[in-house]
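Structure first, commentary second.
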Amino acid sequence: MRASLIQFGVDPQESVDSRRQRAASLVREQSGADLVVLPELWTVGAFAYESFAAEAERAADGPTHEAMSKAARDAGVWLHAGSIPERGADGGLYNTSLVFTPEGELAATYRKIHRFGFDQGEAVLMSAGADLVTVALPGTTLGLATCYDLRFPELFRGLVDAGAQTLVIPAGWPARRLAHWTLLAKARAVENQAYVLACGTGGSHAGVPQAGHSIVVDPWGEVLAEAGEDEEVLTVELDEEKVAAVREQFPALKDRRLGLRTPGA
Ligand SMILES: NC(=O)CC(=O)C(=O)O
């Protein structure tokens with residue numbers, strides 16, 4: 001399986017619609033891939049808080065849905081279209097990822113579970129998702145997470161328990177915590193014996209310099225590809241047999257001890 005990660009930049013001078021058109025044309029250029037991944041909140045910028053509500057859209061029939069559905073169909077690829085500010089039917093604002101089939105059908109949505117900001121920004125503006133989401137593709141099952149979720153290993157264990165073999169993490173990760181990003185991406189791959197496809201953003205979002213450094217890590221913890229800081233497309237070949245092979249040869253997941261006693265309980 002060939003996967004392409006599009007490390008997209010958000011230029012404040014560019015309109016949201018122009019970003020959509022540019023992202024769609026970058027997706028179309030990846031027609032040789034099986035799976036294409038975009039980053040978090042690329043229509044607005046991950047730290048452009050004032051744009052979240054203004055540019056929020058429906059996941060199932062908004063303008064990003066329309067542009068990305070068409071791009072997936074034109075390229076004939078599975079498309080993880082990163083995330084958008086979604087206005088839910090309940091009126092809530094969510095940081096929601098969209099996954100399309102090569103026919104342009106919306107296969108899954110995932111609402112970011114852990115909101116970033118410690119009582120500011122996304123943490124107060126957005127509602128939290130509550131559902132783990134996996135997507136079965138020919139040859140692998142994706143487990144979905146977004147940016148700050150990367151810090152919560154129990155979410156990824158839940159995805160692995162639900163059958164995930166390839167963990168896909170669109171992000172808008174700040175440059176000042178780059179060391180955490182690469183370390184956590186490798187840790188999630190090793191501890192879950194899964195591929196990690198972590199797709200970041202380039203440039204600067206609302207004055208916050210972005211880490212870039214999109215990264216693909218294999219189930220043994222080897223880095224297959226890593227981007228620089230600017231816009232870049234990473235293309236990697238994933239061996240569909242490797243997850244099962246690593247889990248069989250080094251069966252640490254089978255040694256989990258669940259239900260340990262709490263002190264004093
Ligand atoms: N922006 C995020 O969601 C996560 C982040 O910045 C972090 O350091 O974690």
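Just follow the structure's listing: the first ligand is 1, and inside any ligand the first atom is 1. Along the sequence shown, the residues carry numbers beginning at 1.
Here is the list of ligand 1 atoms found below 4.0 Å of a heavy atom in Y148: 2 (C), 3 (O), 4 (C), 9 (O). Under a 4.0 Å criterion applied to the non-hydrogen atoms of F47, ligand 1 contributes the atoms 1 (N). Interface of G172 with ligand 1, defined as ligand atoms under 4.0 Å from a residue heavy atom, comprises 1 (N).
One finds no salt bridge joining E222 and K242 here, because no Lys/Arg side-chain nitrogen approaches an Asp/Glu carboxylate oxygen to under 4.0 Å.
Side-chain contact check for N95 and Y148: no donor-acceptor pair (N or O, by modelled atom type) lies under 3.5 Å. If you check the side chains of S51 and E55, you find no donor sitting under 3.5 Å from an acceptor. Using a 3.5 Å distance cut-off with no hydrogens or angles, the side chains of T64 and R20 do pair a donor with an acceptor. Checked by atom type, the side-chain pair T140/T166 shows a donor-acceptor distance below 3.5 Å.
Contact annotation: P174 has at least one heavy atom less than 4.0 Å from an atom of ligand 1. K112 counts as a contact of ligand 1, since one of its heavy atoms falls under 4.0 Å from the ligand. Heavy-atom separations between H180 and ligand 1 are all 4.0 Å or longer.
Of the N or O atoms in W173, none lie within a sub-3.5 Å distance of an N or O in ligand 1.
Environment of CD in E50: crowded, with over 12 heavy atoms of neighbouring residues, nucleotides or ligands closer than 6.0 Å. Atom CD of E154 is surrounded by more than 12 heavy atoms from other residues, nucleotides or ligands within 6.0 Å.
Nearest non-hydrogen protein atom to atom 9 (O) of ligand 1 is R151 NE, 2.6 Å. Nearest protein heavy-atom contact of atom 2 (C) of ligand 1 is C147 SG, 3.0 Å. Ranking the protein heavy atoms by distance from atom 8 (O) of ligand 1 puts R177 NE, 2.5 Å first.
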